[in-house]
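Single-structure report; data block below.
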Protein chains: 2
Amino acid sequence: MNEALKQGSATTASRIYEVLRQDLLDGRYGAGERLSIALLRETYQVGLSPLREALNRLAAYGLLRQENQRGFRVLELSRDELADITEMRRQLEGKALELAVEHGDEEWESQLLAANHRLTKAGSHTPIVEWEQLHSRFHNALVAPCGSVWLLRFISQLHDQFDRYRRVAPRAQELRHQLDAQHQELVDLALARDSRRARALIEEHITLSCEVALKSCR
Amino acid sequence: MNEALKQGSATTASRIYEVLRQDLLDGRYGAGERLSIALLRETYQVGLSPLREALNRLAAYGLLRQENQRGFRVLELSRDELADITEMRRQLEGKALELAVEHGDEEWESQLLAANHRLTKAGSHTPIVEWEQLHSRFHNALVAPCGSVWLLRFISQLHDQFDRYRRVAPRAQELRHQLDAQHQELVDLALARDSRRARALIEEHITLSCEVALKSCR
DNA sequence: CTAGATCAAATAATCGATTATTACTAGAAA
DNA sequence: TTTCTAGTAATAATCGATTATTTGATCTAG
């Protein structure tokens, strides 16, 4: 969906899709909230058709729930779903990292170092939205050369889902530090081509970030 | 997406979504073909808005590719993607079946037997579209109680993707028999609660159906 | 009071017409 | 002939207005 934006002329529908997606990840709209189409039109200053097309895409992607004749709602948050998402991320990102470590080339190594550098430089002063983006890019860079388009697609999708939970979590400083340290370790293991241990670590990493998110999940 | 249809009043957009999805799986439109919106309108006798909303959903779901200002195209078929889809199905359905065998209750056992019975009864005389549906239902029934909403979601999505390849494959009779026999074996292993061997068999099953599909994939 | 029916207001879905962009064709220059 | 350009036809995207459905308030019967 993202490539569509980059390639030259974006349509209104594509633009509003990206903006809405980001706002949903940022928690701008509450869990379970009904999205009034008229209100959205006003807020984002867009026409009805492109807005509805964007909402339809978001529903198919899993960030909104569409009820016929009753419009669109933000998805609810639940402990059960967080557990589900976390377990799926463990499985899929674990597998993907294993493959990436085996297949990644020199270009990948540089990209990974760069992504980690940018993430490390961004301290607690950077706005959280910006940090989230760097964090996403780092994780993307990690698994990018796994060789499976569908695996990457599912991972991104789950990452978006997970972000909704991360966003409502308080920023626990001690755990945050531990997570940052794991990012560095992940790079080290990746460059050392230790796929076994890299996989084990990212699974641990995902479990830990789930625990952070859980602290705020009712 | 399917539940939306069942729950009372379906909208035009939801109806046309389901019809288009089925037609895409049935191979009514060729791989890579551009879908003319005006033509679709005429073919399905629907208005522009609901049609475009359905197309947007299908693109987000991965059955169409959307190019800004250039409309919608059917996705191409490729050996590489078939290999990707097959490997993902092996991993995910394998895992799901393992969990289902561990968690499934008596109700599941009956559903499974029923689904298998219906599939077995439908011989080579039944139209292929109908057989495909029974086959899908059987595989759904197998993994249904795995306990993970996201796992089931990804499996369905991959199943739809795979169906596009299966649809263009010639019906090789010997292999077909072998696949049918595996369905029975899967039921037996499931009822015997042998999750290890059930998983191994479904992985083999998926690989075999991939080979059937490959025979026709350029 | 409570449950059910009825109507009015709100709003989701759809339609028809318009605008913007791309694709195609023909003609001119190299 | 080939390659560019201009103009035109085709069509994708968007807008504004209309229709259909749901929601919520009010009223009535039990």
Side-chain angles (χ1 to χ4, degrees), chain A residues 1-21 23-24 29-30 32-76, chain B residues 1-21 23-24 29-30 32-76:
Chain A
M1 194 65 56
N2 216 353
E3 323 88 56
L5 253 178
K6 288 169 196 159
Q7 67 152 54
S9 51
T11 61
T12 311
S14 295
R15 275 196 306 273
I16 190 64
Y17 170 86
E18 279 304 331
V19 172
L20 263 173
R21 170 174 162 276
D23 283 352
L24 286 166
Y29 300 98
E33 180 179 340
R34 218 173 66 83
L35 296 181
S36 154
I37 294 195
L39 197 60
L40 290 175
R41 270 188 69 168
E42 227 178 287
T43 309
Y44 297 100
Q45 290 292 303
V46 289
L48 185 57
S49 314
L51 175 59
R52 286 192 58 89
E53 292 188 11
L55 291 172
N56 272 277
R57 290 189 213 180
L58 287 163
Y61 184 63
L63 282 173
L64 291 178
R65 195 156 50 85
Q66 181 167 28
E67 293 168 294
N68 283 333
Q69 315 284 19
R70 266 178 251 184
F72 299 83
R73 306 188 83 91
V74 179
L75 285 189
E76 290 75 14
Chain B
M1 193 64 58
N2 218 353
E3 323 89 57
L5 252 177
K6 288 170 197 160
Q7 69 150 53
S9 51
T11 60
T12 311
S14 294
R15 274 197 306 272
I16 190 64
Y17 170 86
E18 278 304 330
V19 173
L20 264 173
R21 170 175 162 275
D23 283 351
L24 286 166
Y29 300 99
E33 180 180 341
R34 217 174 64 83
L35 296 181
S36 154
I37 293 195
L39 197 59
L40 290 176
R41 270 189 69 168
E42 228 180 288
T43 308
Y44 297 100
Q45 290 291 303
V46 289
L48 186 56
S49 315
L51 175 60
R52 286 192 59 88
E53 292 187 11
L55 292 171
N56 272 277
R57 291 189 213 179
L58 287 163
Y61 184 63
L63 281 173
L64 292 178
R65 195 155 49 87
Q66 181 166 28
E67 295 168 291
N68 283 334
Q69 316 285 17
R70 264 178 253 185
F72 299 84
R73 306 190 83 91
V74 180
L75 284 188
E76 290 75 15

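The sequence lines fix the lettering, A, B, ..., with proteins before strands; numbering per chain opens at 1. What you see is a predicted model; the values in this text were computed from it and never measured.
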Dump the pairs, protein N or O against N or O of nucleotides 8-12 of chain D, anything under 3.5 Å, distances to one decimal.
from	atom 1	to	atom 2	distance (Å)
D:dA12	OP1	B:R34	NH1	2.8
D:dA12	OP1	B:R34	NH2	3.1
D:dA12	OP2	B:I37	N	3.0
D:dA12	O3'	B:G71	N	3.4

query = Taking C-beta and beyond as the side chain, do B:I16 and B:L40 meet within less than 4.5 Å on heavy atoms?
reply = no

key: Close side-chain approach of A:L64 and A:L20, heavy atoms under 4.5 Å   = no

key: Atom-pair distance (OH on B:Y17; P on C:dA13), nearest Å   = 16 Å

task = Please state how far atom CZ in B:R15 lies from atom C1' in C:dT14, giving the value in whole angstrom units.
result = 11 Å

remark   = Those residues at least two apart in sequence (or on a different chain) that pass side-chain hydrogen bond (donor to acceptor under 3.5 Å, both in side chains) with B:Y29 are B:Y44

inquiry  = Please enumerate all residues that pass side-chain hydrogen bond (donor to acceptor under 3.5 Å, both in side chains) together with B:R73, with sequence neighbours excluded.
reply    = none

remark   = Across all chains, not counting sequence neighbours, the side-chain contact (heavy atoms from CB on, under 4.5 Å) partners of A:T12 are A:R15, A:V46, A:P50

query = What pairs meet the salt bridge (charged side-chain N to carboxylate O under 4.0 Å, His left out) rule with one or both residues in residues 36-52 of chain A, with sequence neighbours excluded?
reply =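 The answer is A:R52-B:E53.
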
task = Sequence neighbours left out, what passes salt bridge (charged side-chain N to carboxylate O under 4.0 Å, His left out) with B:E33? Give chain and number order.
result = none

request  = Provide the closest heavy-atom pair for B:S14 versus A:N68 in the form atom of the first, atom of the second, distance.
outcome  = OG-OD1, 2.9 Å

Provide a list of protein-nucleic acid N or O atom pairs under 3.5 angstrom, restricted to nucleotides 15-18 of chain D.
from	atom 1	to	atom 2	distance (Å)
D:dC15	OP2	A:G47	N	3.1
D:dC15	N4	A:S49	OG	3.0

